[in-house]
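Here is the naming used below: chain letters follow the sequence lines, and residue numbers restart at 1 for every chain. What you see is a predicted model, and the numbers here were worked out from it, not measured in a lab.
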Number of protein chains: 2
Amino acid sequence: MAEPARRGVPEATVGRLPAYLRALTACAAQGTTSISSEELAAAAGVRSAQLRKDLSYLGSYGVRGVGYDVERLSSQIAGELGLTQEWPVVIVGLGNLGRALAAYGGFSERGFRVVALVDEDPAVVGRTVQGLTVQTLTQLDEAGTPVAIGVITTPADQAQDVADRLVALGVRSVLNFAPAVLSVPPDVAVRKVDLATELQILAFHEQRRAAAPGPQEVTG
Amino acid sequence: MAEPARRGVPEATVGRLPAYLRALTACAAQGTTSISSEELAAAAGVRSAQLRKDLSYLGSYGVRGVGYDVERLSSQIAGELGLTQEWPVVIVGLGNLGRALAAYGGFSERGFRVVALVDEDPAVVGRTVQGLTVQTLTQLDEAGTPVAIGVITTPADQAQDVADRLVALGVRSVLNFAPAVLSVPPDVAVRKVDLATELQILAFHEQRRAAAPGPQEVTG
DNA sequence: AAAACTTTGTGAACGAAAGCACAAAGCCGT
DNA sequence: ACGGCTTTGTGCTTTCGTTCACAAAGTTTT
Ligand SMILES: NC(=O)c1ccc[n+]([C@@H]2O[C@H](COP(=O)([O-])OP(=O)(O)OC[C@H]3O[C@@H](n4cnc5c(N)ncnc54)[C@H](O)[C@@H]3O)[C@@H](O)[C@H]2O)c1
Ligand SMILES: NC(=O)c1ccc[n+]([C@@H]2O[C@H](COP(=O)([O-])OP(=O)(O)OC[C@H]3O[C@@H](n4cnc5c(N)ncnc54)[C@H](O)[C@@H]3O)[C@@H](O)[C@H]2O)c1
């Protein structure tokens, strides 16, 4: 037991770890020190069998007949997710969305720090937003600020170019809010958040409901 | 051929249809009238076999030896996604994120219209944002404005309450930006967009790269 | 009109993920 | 010390999703 996690945590499991961590943090905040898979699963919105299987990939951190130690499991998951260190983040594109993200407190809350804000618009470059001076990508490059994660919030037609330049800068993880398919080297991870896609998926189910008789749950 | 799609389009396929539609729209914009599965797949960031299988769930809309008619396939997918009608959307929580979404032009672009903006803060209620007067949920209820899709951008601790009230109002599709697990009736669809989760997944892979020797792609 | 070529549509193989069900493991009360 | 109770961890089954690979169906060329 308590092994440092065998290699090969399934991608689907990784996708749920943040939810578990959040639920555990909430528990800890209200004083709970121990929690069963049933309770934690409910809090995270999954089935208990799935939670246990997910946790089994990280190692055995529960006590049979009792449950999981909230503190212990939290740090285990945080460690697995690489949240023991702080990851420097750059936001590229300070329009409506970029500014909202820059103003968002949720970054620093856990393992992430916005270290730079980037835009190309001369009207924006040089201004101070959230305590950071907006710079160009070129300036960021010259400054040599280490950056691990790049968040792209530029218009879609700029996204590929921005991604290329971020990669050249050493960024190997990209979170893309622009509705564009990014092409990057194989060692760069890209995740996409797309509002239009989400709405269209909802519309699909909304429309299907109109045709089909019986109601049915459609989540995720 | 050209049947109106048998019931049972896999969820994974539905999730990719918006990307296909976007790629097709881009093609149409630049004058392309016909496209092969290979090209369209590249534009959408998937494998051609997957594209063809996905499209096969909607019916046979290609011509062997040639490819797909851009216009025809576009309207087929749009129809499948329920984008032939306009869906009324309400945004609840006009903070940083809510305002960015309200200002976003991408809604109307395709099948969605923001018909109401909601907040509880007396400093915000009554003000005009993007041509709409911000109201409370109670006022929205009294006004009787039909709403199909609710977007939640309130703090997490308000999300469940807002969701309950939206459901009571008749909303059956919810897009939740707050980091909270929502509990809704089985006939209500909920989709979640969670920035912290996305970053943490990136951090996981970032961290793993440090340990593992060979590079590897990690997308989606 | 037939041969050569291109590309679709899909059965079948493969792989990943979810869910079931229960033995094993630990607690607690007596 | 032991029996009963609770809850974990996991092998097995089933379901879902992806990829392969090729016959069928069309176009173009000769
Ligand atoms: N605003 C939203 O709610 C929302 C929602 C979903 C998706 N998106 C997407 O997010 C992106 C940004 O949306 P927005 O509403 O903030 O747009 P916006 O036009 O308000 O902002 C874009 C910003 O990017 C900057 N920019 C442009 N090219 C750049 C470059 N090459 N390098 C650096 N900066 C550059 C612009 O100067 C501008 O400040 C778009 O792709 C949009 O489709 C936005
Ligand atoms: N800002 C971001 O970039 C960002 C990114 C990811 C996630 N989020 C999440 O989105 C949500 C909103 O973020 P934000 O930065 O815009 O927060 P914010 O505090 O700026 O805005 C929240 C708004 O919701 C309103 N509100 C609160 N309770 C309400 C209620 N019961 N009914 C109606 N309105 C209510 C508030 O008056 C406020 O205007 C949060 O849950 C946050 O975690 C934000």
Side-chain angles (χ1 to χ4, degrees), chain A residues 1-3 5-17 19-20 24 27 32-70 72-73 76-77 80 201 216-220, chain B residues 1-3 5-17 19-20 24 27 32-70 72-73 76-77 80 201 216-220:
Chain A
M1 303 113 239
E3 308 220 334
R6 0 235 171 297
R7 277 315 122 200
V9 180
E11 196 56 36
T13 294
V14 174
R16 285 185 294 267
L17 292 181
Y20 301 156
L24 285 167
C27 282
T32 312
T33 65
S34 179
I35 191 170
S36 72
S37 64
E38 204 67 53
E39 294 168 301
L40 182 52
V46 301
R47 302 246 161 235
S48 66
Q50 181 158 85
L51 170 69
R52 290 199 299 276
K53 177 141 286 194
D54 283 342
L55 294 184
S56 78
Y57 293 116
L58 313 188
S60 294
Y61 283 87
V63 179
R64 294 174 191 223
V66 177
Y68 301 88
D69 181 83
V70 172
R72 186 167 146 81
L73 187 56
Q76 177 57 24
I77 294 178
E80 191 70 25
I201 293 171
Q216 70 250 24
E217 180 166 24
V218 182
T219 308
Chain B
M1 298 118 241
E3 309 219 336
R6 0 234 171 299
R7 277 314 122 201
V9 180
E11 197 56 34
T13 295
V14 174
R16 284 185 293 266
L17 292 182
Y20 302 155
L24 286 167
C27 282
T32 312
T33 66
S34 179
I35 191 170
S36 72
S37 66
E38 205 67 52
E39 295 168 301
L40 181 52
V46 301
R47 304 243 164 238
S48 66
Q50 180 154 83
L51 170 70
R52 290 199 300 276
K53 176 134 288 198
D54 283 343
L55 294 184
S56 79
Y57 294 116
L58 314 189
S60 294
Y61 283 88
V63 178
R64 295 174 190 222
V66 176
Y68 301 88
D69 181 82
V70 171
R72 186 166 146 80
L73 187 56
Q76 177 57 25
I77 294 179
E80 190 70 24
I201 293 171
Q216 71 250 21
E217 181 166 22
V218 182
T219 308

(request) Check the distance between C/dT6's P and B/E38's CD and give it to me in whole angstrom. (result) 13 Å
(message) From CZ of B/R47 over to P of C/dT8, roughly how many Å is that when rounded to an integer?
(response) 16 Å
(message) Under 4.0 Å from OP1 or OP2 of D/dT7: is there any side-chain N or O of A/S37 that close?
(response) no
(request) For A/R16, check salt bridge (Lys or Arg N to Asp or Glu O under 4.0 Å) against everything at least two apart and list the hits. (result) A/D54
(request) Locate the shortest heavy-atom distance separating B/I35 from B/C27; write the atom from each residue and the value. (result) CD1-SG, 3.5 Å
(request) Could you go through the side chain to side chain contact (heavy atoms under 4.5 Å, CB included) check for B/S48 and B/R52 one step at a time? (result) CA-CA 6 Å; B/S48 66; B/R52 290 199 300 276; 3.5 Å; yes
(request) Please report, rounded to the nearest Å, how far the P atom of D/dG17 is from the CG atom of B/L51. (result) 17 Å
(message) I need the OH-P distance between B/Y57 and C/dT10, as an integer number of Å.
(response) 10 Å
(request) Kindly indicate whether the side chain of A/L55, heavy atoms from C-beta on, has any atom under 4.5 Å from the side chain of A/I77. (result) yes
(request) Determine whether A/E80 and A/V14 make a side-chain contact, defined as any pair of heavy atoms from C-beta on separated by less than 4.5 Å. (result) no
(message) In this structure, how many angstroms lie between the P atom of C/dT8 and the CD atom of B/E39, rounded?
(response) 9 Å
(request) Let me know the distance between CG of A/L40 and P of D/dT8, rounded to the nearest Å. (result) 9 Å
(request) Provide the closest heavy-atom pair for B/S34 versus B/V70 in the form atom of the first, atom of the second, distance. (result) N-CG2, 3.7 Å
For nucleotides 2-6 of chain D, which of its nitrogen or oxygen atoms have a protein nitrogen or oxygen under 3.5 Å away, and what is each distance?
none

(request) Verify side chain to side chain contact (heavy atoms under 4.5 Å, CB included) between B/Y20 and B/V46, making sure each step is shown before the conclusion. (result) CA-CA 9 Å; B/Y20 302 155; B/V46 301; 3.8 Å; yes
Could you list all N or O pairs between the protein and nucleotides 16-18 of chain C that sit under 3.5 Å apart?
| from | atom 1 | to | atom 2 | distance (Å) |
| --- | --- | --- | --- | --- |
| C/dA18 | OP1 | A/R16 | NH1 | 3.1 |
| C/dA18 | OP2 | A/R16 | NH1 | 3.1 |
| C/dA18 | OP2 | A/R16 | NH2 | 2.8 |
| C/dA18 | OP2 | A/Q50 | NE2 | 3.3 |
| C/dA18 | O5' | A/Q50 | NE2 | 3.1 |

(message) Would the base of D/dG9 count as contacting A/R52 through its side chain, where contact means a donor and an acceptor less than 3.5 Å apart?
(response) yes
(request) Calculate the interatomic distance between B/Q76 atom CD and C/dG9 atom P; express it in whole Å. (result) 12 Å
(message) What is the separation between atom OH on A/Y61 and atom P on C/dG26, rounded to the nearest whole Å?
(response) 16 Å
(message) Show, in sequence, the C-alpha distance, side-chain angles and deciding distance for A/L58 and A/L17, and conclude whether the side chain to side chain contact (heavy atoms under 4.5 Å, CB included) test is met.
(response) CA-CA 10 Å; A/L58 313 188; A/L17 292 181; 4.1 Å; yes
(message) Are A/E39 and A/Y68 packed together at the side-chain level, in the sense that at least one heavy-atom pair is separated by less than 4.5 angstrom?
(response) no
(message) From the set D/dG26, C/dC20, D/dT8, return the single nucleotide nearest to any side-chain atom of B/V63.
(response) D/dG26
